[in-house]
Amino acid sequence: MSIYNVILSGGVGSRLWPLSRKSRPKQYLQIFGGATLFQKTVIRNSKFCEKVLIVGNRDNFLLSQSDLSKSEIFEYKEIIEACPRNTAAAIAFAAFSLKEDDIMFVTPSDHLIESDKEYEISVNRALELAKQGYIVTFGLKPSKPEIGYGYIEFEGDEVLSFREKPNLETAKSFVKNGNFLWNSGMFCLKAGVYLEELKKYEPLIFEKSKYAYEKAQNGNIDYEDSFAIPSISVDYAVMEKTDKIKVVESHFEWSDMGSFESIYDYFEKQGYLKDENGNMVIGTHIHTEFIGFSNTILIYTKDAILVLNKENAQDVKKVYEKLEKLRPELI
């Protein structure tokens with residue numbers, strides 16, 4: 001039995017446009033204390049995992065390789081998707097490449113996590129449960145009502161339900177009830193257990209993923225073979241259906257860095273400058289004044305400027321989707 005840190009690195013970070021682009025998604029931005037989120041992920045989990053397996057895509061696998069070399073991780077497995085088909089397929093590719101009893105500690109590559117004693121306690125508990133044949137998810141104790149995260153309803157280590165990203169009133173009720181956790185998108189499970197459950201609940205994803213993986217050349221998944229796989233998240237495909245699910249209630253500091261609100265909060269903790277009304281400039285040292293604005297973020301890049309209110313950070317994805325159709329060269 002080996003323990004692999006399966007790192008999912010195919011995301012494009014659409015909610016962090018224009019900082020995050022297809023050519024350099026957020027996990028490869030060197031704005032987090034001189035290191036990338038990808039590098040921090042690799043280093044953070046190296047104390048628990050003997051090996052590293054990256055599931056990325058053709059647009060950014062060279063960035064992964066560069067970050068790994070800078071992290072002095074030279075031995076790793078790599079699976080490169082030509083056509084990403086969401087997390088159920090990505091984790092299936094990883095599982096097909098391993099032995100049945102190998103444990104996969106599945107983590108996104110773009111989360112900011114405080115690697116402390118609480119993190120160690122949670123990961124070790126998850127590994128213990130995974131060795132017993134459970135599928136383990138990590139749930140974070142909410143520090144505030146958050147509409148950008150999914151939630152897990154729980155009792156002890158039992159999962160009662162998964163909930164989609166709520167509106168603000170629902171998020172407030174979740175926090176008030178006290179039996180809801182933020183869904184971290186991190187999992188711990190045996191490769192064989194995952195494939196058994198995927199085959200049981202989503203046989204088409206299992207068969208198409210297996211076919212695509214077996215036809216792959218040197219870990220490169222063919223475009224047409226990938227495109228034939230239904231694009232479904234691992235939550236929908238397995239986590240919400242399996243009776244083998246457990247949750248580890250966790251208390252380490254965590255953020256998916258999925259919005260400029262998260263970036264703002266991170267920079268604020270790092271002592272980044274903002275004016276007396278909470279306005280912040282990111283990406284330029286050009287002197288900027290805000291008149292009649294509060295909690296506004298101005299993001300500057302060489303070919304695009306974004307101005308938004310911190311509370312509307314989740315709406316950046318709509319801009320990204322519009323530009324995908326009208327100005328694809330900007331994404």
Side-chain angles (χ1 to χ4, degrees), residues 5-16 25-27 41 53-57 60 79 81-96 104-111 126 130 134-140 146-154 159-166 174 180-189 191 193-210 212-213 221 225-248 254-259 314 317 320-321:
N5 184 193
V6 176
I7 302 176
L8 307 180
S9 66
V12 298
S14 58
R15 289 181 179 85
L16 291 186
K26 66 174 176 174
Q27 59 266 34
T41 300
L53 194 164
I54 314 297
V55 184
N57 63 50
N60 62 34
I79 296 171
E81 297 179 282
C83 173
R85 303 304 286 164
N86 218 314
T87 50
I91 298 171
F93 292 145
F96 282 125
M104 303 188 297
F105 179 24
V106 182
T107 64
S109 61
D110 54 2
H111 291 184
Y134 291 108
I135 294 175
V136 188
T137 185
F138 294 74
L140 277 298
E146 173 60 63
I147 63 172
Y149 301 153
Y151 286 74
I152 299 169
E153 184 182 10
F154 78 108
V159 175
L160 303 181
S161 68
F162 286 86
R163 303 294 182 91
E164 288 299 301
K165 296 174 182 177
F174 286 170
F180 286 87
L181 303 169
W182 287 337
N183 187 352
S184 71
M186 297 164 50
F187 309 99
C188 204
L189 65 170
V193 170
Y194 178 70
L195 293 176
E196 286 174 8
E197 296 301 280
L198 183 66
K199 187 175 183 179
K200 181 192 298 185
Y201 296 110
E202 290 289 345
L204 187 59
I205 295 178
F206 175 89
E207 293 298 338
K208 294 290 186 180
S209 299
K210 186 172 188 288
Y213 176 76
I221 308 293
D225 294 337
S226 290
F227 194 73
I229 304 170
S231 180
I232 300 176
S233 75
V234 67
D235 282 349
Y236 282 129
V238 173
M239 302 302 163
E240 295 182 7
K241 300 170 183 175
T242 181
D243 57 5
K244 297 182 178 181
I245 191 78
K246 295 284 186 182
V247 63
V248 171
W254 168 89
S255 171
D256 72 349
M257 285 291 145
S259 71
Q314 293 295 333
K317 187 174 183 180
Y320 184 93
E321 291 169 348

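All heavy atoms count here, side chains included; hydrogens, waters and symmetry mates do not.
- Remark: Y149 OH to S255 OG distance equals 3.5 Å, nearest 0.5 Å.
- Checked against salt bridge (Lys or Arg N to Asp or Glu O under 4.0 Å), D110 has the following partners two or more places apart in sequence or in another chain: K26.
- Judged by distance alone, the side chain of N57 and the main-chain N or O of N60 form a donor-acceptor pair under 3.5 Å.
- Note that OG1 of T41 is 8.5 Å distant from NE2 of H111, once rounded to the nearest 0.5 Å.
- Taking CD from Q27 and CG from L16, the interatomic distance works out to 10.0 Å, rounded to the nearest 0.5 Å.
- Annotation: K244, atom NZ; neighbour count of heavy atoms from other residues, nucleotides and ligands within 6.0 Å is above 12.
- Considering every non-hydrogen atom in both L198 and A88, the closest pair reads CD2-O, 4.4 Å.
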Step-by-step side chain to side chain contact (heavy atoms under 4.5 Å, CB included) determination, N86 to I232: CA-CA 6 Å; N86 218 314; I232 300 176; 5.6 Å; no
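- Within a 6.0 Å radius of CZ in F105, other residues, nucleotides and ligands contribute more than 12 heavy atoms.
- The ring pair (Phe, Tyr, Trp, His ring centres under 6.0 Å) check on F187 picks up nothing, with sequence neighbours excluded.
- Nearest heavy-atom pair, G139 versus I152, reported as atom, atom and distance to 0.1 Å: CA-CD1, 4.4 Å.
- F174 is linked by a ring pair (Phe, Tyr, Trp, His ring centres under 6.0 Å) to Y151, F180, counting only residues two or more places apart in sequence or in another chain.
- To the nearest 0.5 Å, the span separating CD1 on I91 from CD1 on I79 amounts to 11.5 Å.
- Under the side-chain hydrogen bond (donor to acceptor under 3.5 Å, both in side chains) criterion, the residue pairs touching residues 227-236 are E164-Y236, N183-D235, with sequence neighbours excluded.
- Minimum interatomic distance between A130 and V136 (heavy atoms only, all atoms of both residues): N-CG2, 3.9 Å.
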Worked verdict on K241 versus E202 for salt bridge (charged side-chain N to carboxylate O under 4.0 Å, His left out): CA-CA 10 Å; K241 300 170 183 175; E202 290 289 345; 2.8 Å; yes
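- Judged as a side chain to side chain contact (heavy atoms under 4.5 Å, CB included), and not counting sequence neighbours, the contacts of K199 are F206, E207.
- The two residues A94 and V6 have their closest heavy-atom pair at CB-CG1, 3.7 Å.
- E146 is linked by a side chain to side chain donor-acceptor pair (under 3.5 Å) to nothing, counting only residues two or more places apart in sequence or in another chain.
- Put simply, CD1 on I147 and NZ on K165 are 9.5 Å apart, with the number rounded to the nearest 0.5 Å.
- With hydrogens and angles disregarded, a donor-acceptor distance shorter than 3.5 Å links the side chain of T87 to the backbone of V234.
- Looking at S209, its side chain does come within 3.5 Å of a backbone N or O of I205 through a donor-acceptor pair.
- Below 30°, between 30° and 60°, or above 60°: for Y213 and F96 the angle between ring planes is below 30°, a parallel geometry.
- Taking CE from M239 and OG1 from T137, the interatomic distance works out to 6.5 Å, rounded to the nearest 0.5 Å.
- Looking only at distances, no side-chain donor or acceptor of S14 sits under 3.5 Å from a matching main-chain atom of Y320.
- Across every non-hydrogen atom of I7 and S109, the tightest pair is CG2-CB, 3.5 Å.
- Counting only heavy atoms from C-beta outward, the side chains of M186 and P108 approach each other to under 4.5 Å.
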Can you list the steps and then say if W254 with F138 is a side chain to side chain contact (heavy atoms under 4.5 Å, CB included)? CA-CA 11 Å; W254 168 89; F138 294 74; over 6 Å; no
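- Across E197 and T242, no two heavy atoms sit closer than the pair OE1-OG1, 2.6 Å.
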